[in-house]
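Here the structure comes first, spelled out in structure tokens, and everything after it is commentary.
Protein chains get the first letters and strands the later ones, always in sequence-line order, with residue 1 at the start of each.
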Amino acid sequence: MTLAQLAVGASATIRAYPQAGPAFTRLREMGLLPGTKVTLVRTAPLGDPIEIQVRGYRLSLRKSEAALVEIAE
Amino acid sequence: MSTAATPRTAPVYALVGNPNCGKSTLFNALTGLKQKVGNYPGVTVERKVGTAYTQHGQPLTLIDLPGAYSLAARSPDEAVTRDVLLGRRADTPMPDRIVCIADATNLERNLYLVHQILDLGRPVVLVLNMMDLAAQAGLQIRAARLEHELGIPVIPCEAANNKGLIELKLALSRHDLPLPRHAWDVPAALAPAVSELQASLIAADAKAPLVARAEALLLLTDPDPLRVTGSTPLSANTTRILESWKTRWTADATDWSGTLVSARYDAIGKLVAQIVVQPEGAEDGHAARASRSTLELSDKIDAVATHPVWGWVIFAAIMATMFFSIFTLAGIPMGWIEALMAAVSGLVDHVIPQGAFHSLVIDGAIAGVEGVIIFLPQILILFLFIGFLESTGYMARAAFIMDRVMSKVGLNGKSFIPLLSSYACAIPGVMAARTIEEPKDRLVTILVAPFMSCSARLPVYLLLIAALVSANEVPVGTQVGLMLLMYALGTGGAFFFAWLFKKTLLRGAPPLMIMELPPYRLPRFRDVLIQMWERGFIFVKRAGTVILALSIVLWFLANYPKPPEGAAAAPNQPIVEAVSPGPDAPRAEPAAAPSAVTAEDPLAYSLAGRAGRLLEPLIAPLGFDWRIGIGLIQSFAAREVFNSSMSVIFSVQESDDEAATRAQLRDAIRAAERPDGSKLFTPLVCLNLMIFYVFAMQCISTLAVVKRETGGWKWALFQLVYMTGTAWLVCFVVYQAGRALGF
Amino acid sequence: MPADWQTPAAFLAVAFAAVWLLVRAWRKRVRAASGACGSSDEGCGCGSLKKNLKR
């Protein structure tokens, strides 16, 4: 399962994400690391991007990026 | 300034922190209005330097570095922060001391940057800002413990309430700032690589030992070494070492970058666990379960502000208020400026007798400066709104909402703000594109931003619509509709070309949209006002210097050389024959000319007139004649100059009543005839002229800013050519089709 | 005062403005090329900063 598939309001733990995509370094530096707990807070009015809660703050990212992040509930 | 009084050794402090951590508020609180705002050469990232005074009155130089999440920079802003801290910028020597600002409500992520900075081994003062919000959230932060762990002064602070500033100033004036005791073990798998790279960076790239270590760590964090090194390429030796390690790690599936970032967060996690006492009942796990109450409030607001229906309503309402204010509210102070300039004109008129100098001052200098300075209220209102939207946190929501729309043309939500600002003026719009990380997206945004109809086009539209339709013949709706059509055309053009560029010229990875959504906060009036003041000051300064000089030169071009004395009797022979119109415009045969051309003769003789005639064959297929050509040329100084050049050309008497002047100008334009006696400004020509103004790049100031922002003339010239080319093509099609249809 | 002092005065002003613009553009080029600060439009305050930093 990936972060893009998480339901609104649901939480999960990041399992891994491949060293791919233009964003992965920055996502990691923003604190999205294997073992980190994330909560999907809401999606934008048009369904993309999504807003997540991670390490006590809010971050928005596109579904195309979220789809690279593997999670476990 | 007090440069003389400043001792040569006044220490230089760099202010560093994440975006939204209250860095600017702290900077403003420390320096007040003793700030100088400018740009870092080459990149046009805003550069703020200020002077603060210690409790003993000693001056300190403070550099406010752009907000950054990491030294592994992704945007031009972050690259500047990294380069200054690593001592790479020739224009800004390495700061003596670093003041790190961390948001106490969100320590974990904020400490990531601090952790990287501690690697540099420079004296650091850590400011924990927003302690009040942290307390509200039930977080108890043991600053003394953190001070003990890191070995550097840690100052709890509430910059917004001016609390903790005295303690901070005392810490800043300490002579014996300790170096950080930075106990952090690089993961064992990477340690040999780090030391090898460090050794090579010292030996082959001539870096200082600690800078070399920090740089080695960055090279292992960011997969793209080019992004780390920026303009200072690595030596062959270092590149070789880096490549061989990466090959080795790839072979045994070591995720070096992930390992490094994880190791940092592990170290930070341990630290935070010791210093942050969680509120009662907080679940364990990640330490920074912070800012509960602010997030709750933000959630309530966001439930509406990003709601699928209400979100759009609020968004539209805010945008509408902003435009309404820019277009209407600004009218009042604009009237004052007009009155002031009229008074100055009157005074000059009274003091200097009629003559060339009189004309230069009134028609050149004052008129030229007024044409630009009149937009000061609009600029101030725009920055007032932007300042409020930014400092409350709504701006990030606007980007969040708009991202999907922008992604349709290959841009991201962050491009929305630059495009929006461009409705007022393309210059702040182009500058606002700095926050876009991906260079290609930034370039596309800059290239299309001037299509958004700026406020300088507004007077031109107003005049031409008035000439095109008359209020008593057609319903008002038609006029408004025409106006909206122009705005829609420009916006559509911007989106079309953004899409086209992303598909062809600047194809790249889909843009990133990793953006923090900070909690909503009350706006900081001081910060917003300081920003407005700075913008206004820069704008007025430009109007008083460059624009003034340009206006004087333009005045000369429109007035000289004067026609020879005797020529008034038989005026038009030499000129009209010298530039005989091309076959496209058989109507303008000289034989049919006499009555129409005589009135404008001195103008036709001037350099501007000659240029207009030179231009005529080019614009005749669009239905424009040489007099319109002069207006088009002069529009390069500022588009709204078109109105004043039309009033000069068709010799409208200025009157005290502005509405009367406008009506006169409208009537004069309607009456203007071609040499064969047909009307010059037919409805088709008016419409076409407006379309030309929508698409054409006619603003030297914007071109200069684009040149600066893109680092060279290449893209600025490209923009000039493609935009003006589009304008020509569209106008050609519209005019020829319109003629064929019998308009 | 001569009858037509205005034309020479106006020409002088135009020449001054033109020269000032040219000098400005040239100076900006030179400073930008040398990597020194001040290549931007607005004063960036680096002059005084540099003095402070020289030791």
Side-chain angles (χ1 to χ4, degrees), chain A residues 2-4 7-73, chain B residues 69-70 72 74 103 105-109 112-113 137 221-224 255 257-258 261-262 264-266 285-292 295 298-299 302-303 306-309 311-312 315 396 399-405 407 412-413 437-438 508-519:
Chain A
T2 72
L3 183 53
V8 171
S11 299
T13 307
I14 295 180
R15 231 167 26 146
Y17 49 98
Q19 209 168 324
F24 83 98
T25 314
R26 183 36 60 95
L27 282 176
R28 286 170 170 180
E29 291 192 299
M30 298 296 274
L32 274 77
L33 292 162
T36 309
K37 202 182 155 204
V38 291
T39 307
L40 186 74
V41 180
R42 63 173 62 83
T43 60
L46 295 175
D48 195 17
I50 58 171
E51 177 182 348
I52 58 168
Q53 163 131 352
V54 56
R55 291 180 196 264
Y57 76 98
R58 297 296 169 80
L59 188 71
S60 82
L61 67 161
R62 283 193 178 161
K63 282 191 169 163
S64 55
E65 288 141 18
L68 297 173
V69 182
E70 287 178 34
I71 51 167
E73 294 210 46
Chain B
Y69 289 109
S70 162
R74 293 210 63 109
D103 175 353
T105 63
N106 182 13
L107 263 187
E108 212 172 331
R109 199 208 60 220
Y112 182 81
L113 177 70
T221 306
D222 196 319
D224 181 2
D255 178 0
S257 162
V261 178
S262 294
R264 271 195 209 278
Y265 267 104
D266 286 347
H286 284 294
R289 196 149 307 286
S291 55
R292 199 144 284 249
L295 278 188
S298 288
D299 270 340
D302 267 343
T306 61
H307 185 271
V309 177
W312 293 108
F315 178 76
F400 182 65
I401 292 177
M402 285 301 287
D403 180 63
R404 185 83 187 129
V405 178
S407 74
N412 77 24
E437 284 111 347
E438 208 57 44
L512 295 183
M513 180 60 187
I514 299 177
M515 184 182 63
E516 186 186 356
L517 291 169

Let me know if A:Leu33 has heavy atoms under 4.5 Å from chain B in its side chain, its backbone, both or neither. side chain
Just give me the residue among A:Pro34, A:Ser60, A:Ala44 that pairs up with chain B most often, heavy atom to heavy atom, under 4.5 Å. A:Ser60
Do the side chains of B:Arg404 and A:Thr43 get nearer than 4.5 Å, heavy atoms only? no
Do A:Leu32 and B:Tyr265 come within less than 4.5 Å of each other through their side chains, counting heavy atoms only? no
Point-to-point distance, once rounded to the nearest 0.5 Å, from CZ of B:Arg74 to OG1 of A:Thr25: 6.5 Å
Should A:Arg58 and B:Ser298 count as side-chain neighbours, where that means a heavy-atom distance under 4.5 Å? no
Does any backbone or side-chain atom of B:Ala399 lie under 4.5 Å from a heavy atom of chain A? Answer side chain, backbone, both or neither. neither
For B:Ser407 and A:Arg62 the tightest heavy-atom approach is CB-NH2, 3.4 Å
Given side chain to side chain contact (heavy atoms under 4.5 Å, CB included), test A:Leu59 with B:Arg109 step by step and report yes or no. CA-CA 12 Å; A:Leu59 188 71; B:Arg109 199 208 60 220; over 6 Å; no
With a 4.5 angstrom heavy-atom cut-off, which part of B:Phe400 approaches chain A: side chain, backbone, both or neither? both
Which heavy atom of B:Thr306 sits nearest to which heavy atom of A:Pro45, and what is that distance? O-CG, 3.5 Å
Output the distance between atom CE (A:Met30) and atom CD1 (B:Ile514), rounded to the nearest 0.5 Å. 7.5 Å
Which portion of A:Val41 sits near chain B, non-hydrogen atoms under 4.5 angstrom: side chain
From A:Arg55 CZ over to B:Leu107 CG, what is the distance, rounded to the nearest 0.5 angstrom? 13.0 Å
Between CG on residue B:Asp403 and CD1 on residue A:Ile50, distance to nearest 0.5 Å: 11.5 Å
Just wondering, do A:Arg42 and B:Asp299 contact through their side chains at under 4.5 Å, heavy atoms? yes
When rounded to the nearest 0.5 Å, the distance separating CD1 of A:Ile52 from CG of B:Leu517 is 10.0 Å
Work out which heavy atom in A:Arg26 is nearest to a heavy atom in B:Ala72; give both atom names and the distance. NH2-O, 3.2 Å
For a quick check under 3.5 Å, do A:Glu29 and B:Tyr69 share a side-chain donor-acceptor pair by atom type? no
B:Asp103 portion near chain A, given a 4.5 angstrom heavy-atom threshold: neither
